[in-house]
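Every chain is numbered from 1, with letters handed out A, B, ... down the list of sequences. Everything numeric here is computed off the predicted structure, so don't read it as measured data.
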Number of protein chains: 2
Amino acid sequence: MIEEKFKLDNQLCFRLYTASRLLTQAYHPLLGEHGLTYPQYLVLLVLWEKDAQPVNDIAKRLLLETNTVTPLLKRMEAEGVVTRSKGKEDARQMIVKLTKKGRGLQKKLTDIPEAVGSAVLCESVTPETVPGLFGMLDDIIKQLHHQI
Amino acid sequence: MIEEKFKLDNQLCFRLYTASRLLTQAYHPLLGEHGLTYPQYLVLLVLWEKDAQPVNDIAKRLLLETNTVTPLLKRMEAEGVVTRSKGKEDARQMIVKLTKKGRGLQKKLTDIPEAVGSAVLCESVTPETVPGLFGMLDDIIKQLHHQI
DNA sequence: TATATTTGCATCGTGAACGATATAAATGAA
DNA sequence: TTCATTTATATCGTTCACGATGCAAATATA
């Protein structure tokens, strides 16, 4: 008999990994209609909150490395969703700005949050329990992020 | 002002995605010592529970596609952790078996579950609250898996 | 003011994920 | 039995993630 600690059903990470993948898959057809991937959608969320940010700020907000974000932004630039231009005061920075198309996507994607939100609702995940879940996930993220 | 539904801080998926990535990163140095990646570790967990399974059963257990698992298993075969051989009754199947090295890894990785487990412990994630978290994640996974 | 260090971004290589498609073996139906 | 369908796996192309490394601009230090 395998030890409890090695049972797949006792792993937090496998649950997070699977839930993350499946929820991302739920976004896929909705975003795909508009030529977007899920990480690209996250970049849009960041830029909709605050436009014209350097690569580094976007990466930090998403807790990703710039070597992940740079190619992603280049693809978004190729799609005409953002522009990338050298910073004026600091020539090392690449400032990422939304194009008209990028701003316009917010209206087109307006139904997505609710569609995905309702897709995950179930017995133990409700408007009442979500804040508790958010709190635990935030704690895990904070805990792990500070260890790195 | 951006709508609440588009705020990054209100997204469940971003939390799951980030928590999953960071927790996987916590495994990385521990597994890397033994030449393993996190998905490869998951395959080991599956095979330690039950050796000699076809590709399809492993993929189903991990809720992955075979086109993800096949190359992964080939890399594990190249590392001498598993063998892959045609099934006797069904020649379409590839039966994946642990090698001596693959079985031996269980002893070498014996400290990893506790090391990672203690790394995530924090105010809101404790032995008392983990079952509730597991329940919610399991519900989300079940809910989304059945929609596909 | 030189030089060293840090910072911001990019490039490269590897390993997932996954949609689309291909191939061979097994199964079902005519 | 013959042919169509299903099933199990594999291949291919694209997009992340991310460690390692490179390079140029900015900053700190001698």
Which one, [options], comes nearest to the side chain of [X]?
X: B:Met94; options: C:dA10, D:dA8, D:dA10; result: D:dA10
X: A:Val55; options: D:dA17, C:dA10, D:dA10; result: C:dA10
X: A:Asn56; options: C:dC9, C:dC12, C:dA25; result: C:dC9

OP1 or OP2 of [N] under 4.0 Å from side-chain N/O of [X]:
X: A:Thr70; N: C:dA10; value: yes
X: A:Tyr17; N: C:dA16; value: no
X: B:Lys74; N: D:dT11; value: yes
X: B:Lys86; N: C:dA25; value: no

Problem - 4.5 Å side-chain heavy-atom contact, B:Thr37 and B:His28 - result: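 The answer is no, as the side chains (C-beta and beyond) never meet within the 4.5 Å cut-off.
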Exercise for the section: Please evaluate the base of C:dG8 for a donor-acceptor partner in the side chain of A:Asp90 within a cut-off of under 3.5 Å? Expected result: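 No pair found.
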Between [N] atom [atom2] and [X] atom [atom1], what is the distance in whole Å?
X: B:Ile95; N: D:dA10; atom1: CD1; atom2: P; value: 11 Å
X: B:Gln93; N: D:dA8; atom1: CD; atom2: C1'; value: 7 Å
X: B:Arg92; N: D:dT7; atom1: CZ; atom2: C1'; value: 4 Å
X: A:Asn67; N: D:dC18; atom1: CG; atom2: C1'; value: 6 Å
X: B:Glu65; N: D:dT15; atom1: CD; atom2: P; value: 19 Å
X: B:Arg75; N: C:dG13; atom1: CZ; atom2: P; value: 17 Å
X: B:Leu62; N: C:dC18; atom1: CG; atom2: P; value: 12 Å
X: B:Ile58; N: D:dA10; atom1: CD1; atom2: P; value: 11 Å

Practice task
Could you tell me which non-hydrogen atom of B:Trp48 sits nearest to which non-hydrogen atom of A:Ile2, and how far apart they are?
Solution key: CB-CD1, 3.5 Å
Exercise for the section: Quick one: closest heavy-atom pair of B:Leu144 and A:Ala26, and the distance? Expected result: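 It is CD2-CB, 4.4 Å.
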Handout entry: First encountered from the 5' end of DNA chain C, between B:Glu89 and B:Leu72
Key = B:Leu72
Exercise for the section: Identify, between B:Leu64 and A:Pro54, the residue whose nearest nucleotide on DNA chain C lies closer to the 5' end. Expected result: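 Going by which nucleotide is closer to the 5' end, it is A:Pro54.
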Exercise for the section: Give a yes or no on whether B:Lys101 atom NZ has more than 12 heavy-atom contacts from other residues, nucleotides or ligands under 6.0 Å away. Expected result: yes
Problem - Other residues, nucleotides, ligands: >12 heavy atoms within 6.0 Å of B:Glu123 CD - result: no
Problem - Note: A:Lys7-A:Asp9 ion pair, threshold 4.0 Å (strictly below) - result: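 Looking at A:Lys7 and A:Asp9, the cut-off is not met.
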Handout entry: SB check B:Arg61 B:Glu49 (cutoff 4.0 Å)
Key = yes
Practice task
Examine B:Arg15 relative to B:Tyr17 and say whether NZ or CZ is less than 6.0 Å from the centre of the six-membered ring and inside a 45° cone about the ring axis.
Solution key: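 No, a cation-pi geometry is absent between B:Arg15 and B:Tyr17.
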Practice task
Tell me which residues in residues 20-45 of chain B put a heavy atom below 4.0 Å from DNA chain C, sorted by number, or none.
Solution key: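 Heavy-atom contacts with DNA chain C come from B:Thr37, B:Pro39, B:Gln40.
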